[in-house]
Amino acid sequence: MHNCACEKDESQEWLARLDRLPAGERYHHDWVADADAARLRAWRALGDQEAIAPWQEQPLRACPRPRCRS
């Protein structure tokens, strides 16, 4: 995989941003999916297979069902 240094720098910056998010907070499931997609893109750009493997092993988190509006 051949990536320019600027792509690797940007990938590392996005991973750092995601890591700074408050742990234990609840985020909308769509936002979590987008954050996971960004992590995967960054890890792939960096060639970091060691980061991808544990992420793939995580069980899926159940999302609460939306309430019906009356």
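This structure is a prediction, so every number in the text was calculated from the model and none was measured.
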**OP:** Quick one: pull up CD in E50 and CD1 in I52 and give me the separation to the nearest 0.5 Å.
**Re:** 10.5 Å
Original post:
Which residues pass the salt bridge (charged side-chain N to carboxylate O under 4.0 Å, His left out) test with R41, sequence neighbours left out?
Top reply: none
Original post:
Which residues satisfy the salt bridge (charged side-chain N to carboxylate O under 4.0 Å, His left out) test with E10, sequence neighbours excluded?
Top reply: none
Original post:
Cluster question for you: counting only ILVMFWY and a side-chain heavy-atom cut-off of under 4.5 Å, with indirect links fine, are W55 and W14 together?
Top reply: no
**OP:** Rounded to the nearest 0.5 Å, what's the gap from CD on E7 to CD on Q12? Could you check?
**Re:** 11.5 Å
Original post:
Distance from R39 atom CZ to L15 atom CG, nearest 0.5 Å?
Top reply: 8.0 Å
Original post:
For the atom pair OH (Y27) and CG (D34), what is the distance rounded to the nearest 0.5 Å?
Top reply: 14.0 Å
Original post:
For A51, which residues count as a side-chain contact (heavy atoms from CB on, under 4.5 Å) partner, sequence neighbours excluded?
Top reply: W43, D48
